[in-house]
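Below is one structure, written out as structure tokens, with a few remarks after it.
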Amino acid sequence: MKAVRFHEFGGIDVLKVEEVDDPKPGSGEVLVRIRASALNHLDVDVRDGTSRFPVQLPHTLGVELAGEIAEVGEGVEGWAAGDRVNPYIMDTCGECRYCATGRENLCLTPGFISFTTGGGYAEAVVVKARNLIPIPDEVSYEEAAALQVAFATSWHMLFTRGNLRAGETVMVNSVGSGIGSAAVQLADIAGAYVIGNASSDEKLDRARELGMDEGINHRTEDVVARVMELTDGFGVDLVYEHVGGELFQKGLDSMAKDARMVICGGHSGEVVPFDIIPFFRGQKRVIGSFVYTREEVKRCFDLAARGLIKPLVHQTFPLDDAREAMATMERREHFGKLVLVP
Ligand SMILES: [Zn+2]
């Protein structure tokens, strides 16, 4: 089969389209014929060698994929060739204190697609049957590949960790990104008042179509001043933060008293100054959020099947054009996911 791999860390030039042996499903595993594979910013960090994940070389990128079962390994029940599936990004033990209490995203011995299995930038992958999530008929392969990381991460942040309720005000940082645009959609259907920010007016216009109530251009406008104008000086109840750097501090300063900030990333500045005094005087909370559970992915698929949310696909590329796809992502001009279609 064809796989896009790299043998050394670096820029897009290290990616090579190679012919490799077809993987074989072992006991409890299935072979998935990949029909769509979404790019994530994590892929850039992995390729550059800055992801802080253990990466074995040569490496096949891609954590998010959708396809059909091509072959079922020994002892697999409940799945058959032809079933449309989306594998859960993690491989968990099912037994540790976190797995046993519904928090499998915190598993003590987790594996991840592409780090402990083959990756999604390929024609096929072998995964454990217990990690498969069925794709509803109403959702295409491209949409399924674009759904999991964006929407389930967003669900976990907004509702499970952030405890967002109807009528609250949420500020979504960087609404042009995959998880930003997903958060706008989920917060809107949950009945929240959604303020979003982005680096361009075009991205804000797109987010308005998805349910964003007010937009702030964080390059040209004073985010905190605008938030205070829009909230009668109170600030927002929840900040949805995944950017880091300056937007982290602007988010803190945009919070109402007793408000929450939930964080799942910090690509634009991972180590930031933190002013402790207004933080405790305002009795604010900063909450970490990591991945999501299989049940949260299934809920998002239900919402997509009912037409309540729309996974956004900006552009699709054949596997041979993986370099161009990554270059497009690194230019950050897209709105929605970039998807490889092997
Ligand atoms: Zn576990």
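Here the structure is a predicted model, which means the values were calculated and not measured. For ligands, and for the atoms within them, numbers begin at 1 and follow the listed sequence. Below, each value reflects all heavy atoms present in this structure, side chains not excepted, and no hydrogens, waters or symmetry copies.
Excluding waters, the set of protein N/O/S atoms under 2.8 Å from the Zn ion (ligand 1) reads Cys93 SG, Cys96 SG, Cys99 SG, Cys107 SG.
With no hydrogens or angles considered, a side-chain donor-acceptor pair links Glu18 and His7 at under 3.5 Å. Judged by distance alone, the side chains of Lys203 and Asn217 never bring a donor and an acceptor atom under 3.5 Å apart. Side-chain contact of Tyr98 with Asn105: a donor-acceptor pair under 3.5 Å is absent, judged by distance alone.
Under the rule for a side chain to side chain contact (heavy atoms under 4.5 Å, CB included), the partners of Glu202 that lie at least two apart in sequence or sit in another chain are Ser200.
Of the listed residues (Arg299, Gln148, His156), just one forms a side-chain hydrogen bond (donor to acceptor under 3.5 Å, both in side chains) with Tyr292, and that residue is Gln148.
Between Asp320 and Lys2 there is a salt bridge, since at least one side-chain N of the basic residue sits less than 4.0 Å from a carboxylate O of the acidic one.
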